[in-house]
Amino acid sequence: MGAGGRMSVPPSQRKQEPGSMKRVPISKPPFTLSEIKKAIPPHCFQRSLIRSFSYLVYDFILVSIFYYVATTYFHNLPQPLSFVAWPIYWTLQGSVLTGVWVIAHECGHHAFSDYQWIDDTVGLILHSSLLVPYFSWKYSHRRHHSNTGSLERDEVFVPKKRSSIRWWAKYLNNPPGRFVTVTIQLTLGWPLYLAFNVAGRPYEGLACHYNPYGPIYNDRERLQIYISDVGVLAVTYGLYRLVLAKGLAWVICVYGVPLLIVNAFLVMITYLQHTHPALPHYDSSEWDWLRGALATVDRDYGILNKVFHNITDTHVAHHLFSTMPHYHAMEATKAIKPILGEYYSFDGTPVYKAIFREAKECIYVEPDEGEQSSKGVFWFRNKI
C-alpha cells in the first residue's frame, strides 16, 4: 500500500533516511492560489454529468454483484466456508460503498455536475442511503474547507492544546491504549461526530448534525437540515421494514457490517489527511486560508485509491479546488507539485502503520519553544 514513509521535499533535499519527516513550511507561500490554478490544465475544472454518472453506475454494478452473490449463494455454503465468505463480502462491499460515499461528497462540493439541483438530489439520495444527513454534513464540511488548519474555526479533527488534555490520556498513551482508542474511533467516531460533535469544533450548546436549530447552522440552512433528517428517517424506516421481512441478522450481514466498514474508512481517511507530525495548525494570529489548505497530506492506499475515487491521494488539490471532479484530480495534482514544491505533502507510509503512528505522535499541539515569530503556529506533541 505504498512504499516509503517520508514527506515529499524539494529535489535538493530528497536524500533522507527512510521514515524521516520534514515539516510543512509555515512562511507565507511564494505563490498565490491564482498561480496554482494557472498551472492546472483548464479542462480539469470541467464537470461532466455523463462521466460523473458513469463512475456511480460502475460502483452500483459492483454493489449489485456483491449483493447478488452473497444473498444467492452464501446460504448454500458449508459453515467453515461461510465464515470466510461473509468477511470477504463485507470488505468488498464496504470498500465500494465508501466510493459511493465519496461521490456523494463530491455532490456536496458541487463537483458532480454543472447543475446544483442534480448534485443535491444525487447527494441526498446517496448519503441518506448510508445514513448520512446530506445537507447537514454538506454545510459543516464547507466550513471545514473554509477554515482548515485553524484551531478556533476548523470543524473536525481539531487538535487539543496541552492544557485541554484529559487526565486519562496518559493511561491510554501505550500500545494497548492506542489500540482501544483507534478501535473506538473507527467504529463509533462517525456517529458520535454527527450526533454529539465529538472531535469537532467547540460550540456553545449541543452541536448536532440532526438539529436544525443547533449552533452549527444559520436560519437559511435550517429547512435543508429538516430535509436531511427526513432522508435518514426514510432509510431507517426502510431498514426496519427489511428487518421485519428478512430478519435482523440478514440486515446486519447484508447492510450493517458494510456500513460499519464505510464509517471506519471515512474516519481513517479524514483523520490521516489532517493528522501528521509534520502538519502545522494555526491560531487566529497566524492563520490564513492558503496556508491552512496546504496543511493537509496525501496518502497512499494502494488499489483502494481507485476504489475511493482518489480522495486519498489527491486531497491537497481537493482542498485548493474543491469543485474539481475527482477524475481530474490526479492530473491536477501532478500539475501543481512543481509549483507547491516543499509546500506539497505526501506520506507513503502504509496506512495501517500510519494510523497507529499518528495516534502515538499526535496527542496535542503546542508552539515550538523559543520561537516568538511562530508563537501562533502549533505542532503535534506526544509527551504528557
Side-chain angles (χ1 to χ4, degrees), residues 2 7-8 10-11 24 29-59 98-123 126 138 141-149 269-270 272-274 288-348:
M7 300 295 293
S8 67
V24 173
F31 46 78
T32 64
L33 184 65
S34 177
E35 290 170 337
I36 301 172
K37 187 174 183 179
K38 288 178 181 177
I40 300 173
H43 71 264
C44 289
F45 297 96
Q46 296 174 2
R47 296 164 292 204
S48 167
L49 181 62
I50 294 176
R51 188 169 182 183
S52 293
F53 264 117
S54 72
Y55 285 94
L56 183 57
V57 169
Y58 179 77
D59 283 350
T98 302
V100 174
W101 202 107
V102 171
I103 292 177
H105 158 266
E106 290 234 316
C107 292
H109 280 293
H110 194 23
F112 187 80
S113 76
D114 291 331
Y115 308 97
Q116 185 69 66
W117 71 270
I118 292 180
D119 287 16
D120 285 340
T121 301
V122 173
L126 297 181
K138 169 184 173 178
H141 188 64
R142 176 193 296 172
R143 295 186 179 100
H144 159 63
H145 272 259
S146 298
N147 300 283
T148 306
I269 291 168
T270 309
L272 290 179
Q273 286 166 342
H274 298 282
D288 63 69
W289 183 87
L290 183 55
R291 284 193 295 168
L294 293 172
T296 182
V297 57
D298 288 346
R299 302 276 189 169
D300 184 8
Y301 285 67
I303 192 174
L304 291 178
N305 289 328
K306 291 297 183 184
V307 178
F308 298 158
H309 302 302
N310 296 107
I311 194 65
T312 46
D313 55 344
T314 63
H315 193 67
V316 175
H318 172 67
H319 260 272
L320 294 170
F321 306 104
S322 60
T323 59
M324 179 188 298
H326 67 85
Y327 40 82
H328 293 315
M330 286 296 292
E331 182 178 359
T333 296
K334 292 177 182 178
I336 65 176
K337 282 182 181 179
I339 301 294
L340 299 184
E342 60 185 341
Y343 286 83
Y344 172 76
S345 300
F346 173 84
D347 190 336

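Any value given below was found using the heavy atoms of this structure, including those in side chains, with hydrogens, waters and symmetry copies removed.
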key: Separation between CZ of Phe112 and CZ of Phe53, rounded to the nearest 0.5 Å   = 4.0 Å
remark   = Heavy atoms of Gly123 and Ala104 approach each other most closely as O-CB, 4.2 Å
task = To the nearest 0.5 angstrom, please state how far the OG atom of Ser52 sits from the CD1 atom of Ile103.
result = 8.0 Å
message = Is there a side-chain contact between Pro29 and Leu290 in this structure, where contact means two heavy atoms from C-beta onward sitting under 4.5 Å apart?
response = yes
inquiry  = Between Asp120 and His110, is there a side-chain donor-acceptor contact under 3.5 Å, judged purely by atom types and distance?
reply    = no
inquiry  = Please check this pair: side chain of Ser113 against backbone of Leu49, looking for a donor-acceptor N/O pair closer than 3.5 Å.
reply    = no
remark   = OH of Tyr301 to CD1 of Ile303, rounded to nearest 0.5 Å, is 15.5 Å
4.5 Å side-chain heavy-atom contact, Val316 and Tyr343 = no
task = Check whether the side chains of Tyr327 and Ser48 place a donor and an acceptor atom closer than 3.5 Å, and report yes or no.
result = no
request  = Supply the atom-to-atom distance His309 NE2 to Thr314 OG1, rounded to the nearest 0.5 angstrom.
outcome  = 11.5 Å
inquiry  = Could you check whether any side-chain N or O of Trp289 sits under 3.5 Å from a backbone N or O of His145, counting only pairs where one atom can act as donor and the other as acceptor?
reply    = yes
ask   = Is there a donor-acceptor contact under 3.5 Å from the side chain of Asn305 to the main chain of Gly302?
value = yes
ask   = For Ile311, does its backbone N or O pair with a side-chain atom of Gln273 as donor and acceptor, under 3.5 Å?
value = yes
Arg299 and Asp313 ion-paired at < 4.0 Å = no
inquiry  = Could you tell me if Lys37 sits above the aromatic ring of Phe45, with its cationic atom closer than 6.0 Å to the ring centre and no more than 45 degrees from the axis?
reply    = yes
Full working for side chain to side chain contact (heavy atoms under 4.5 Å, CB included) between Leu126 and Leu56 = CA-CA 10 Å; Leu126 297 181; Leu56 183 57; 3.8 Å; yes
query = Given the rule in the side chain to side chain contact (heavy atoms under 4.5 Å, CB included) test, do Ile36 and Leu340 qualify, once you have shown the distances and angles that lead to the verdict?
reply = CA-CA 8 Å; Ile36 301 172; Leu340 299 184; 3.7 Å; yes
request  = Look up atom OG1 in Thr312 and atom CG in Asn310, then write down how far apart they are to the nearest 0.5 Å.
outcome  = 6.0 Å
Note, Tyr344 side chain near Ile339 side chain (heavy atom, < 4.5 Å) = no
query = Would you say the side chains of Glu331 and His43 form a donor-acceptor pair under 3.5 Å?
reply = yes
query = Is it true that the side chains of His326 and His318 contain a donor and an acceptor less than 3.5 Å apart?
reply = no
inquiry  = Are the side chains of Met324 and Glu106 in contact, using a 4.5 Å heavy-atom criterion?
reply    = no
task = Give the intermediate values and the outcome of side chain to side chain contact (heavy atoms under 4.5 Å, CB included) for residues Phe346 and Asp300.
result = CA-CA 8 Å; Phe346 173 84; Asp300 184 8; 3.9 Å; yes
ask   = Would Thr323 and Arg47 count as a side chain to side chain contact (heavy atoms under 4.5 Å, CB included) if you check the C-alpha gap in whole Å, the side-chain angles of each, and the deciding distance to 0.1 Å?
value = CA-CA 9 Å; Thr323 59; Arg47 296 164 292 204; 4.2 Å; yes
message = So which atom in Pro325 and which in Ala111 form the shortest heavy-atom distance, rounded to 0.1 Å?
response = CB-O, 3.5 Å
inquiry  = If you compare all heavy atoms of Asp59 against all heavy atoms of Gly99, which two are closest, and at what distance to 0.1 Å?
reply    = OD2-C, 3.7 Å
query = Atom CG in Leu272, atom CG in Asp298: separation rounded to 0.5 Å?
reply = 12.0 Å
key: Contact check, side chains of Leu320 and Ile336, non-hydrogen atoms, under 4.5 Å   = yes
task = Quick one: sort the His109 and His105 rings into parallel, tilted or perpendicular, breaks at 30° and 60°.
result = perpendicular
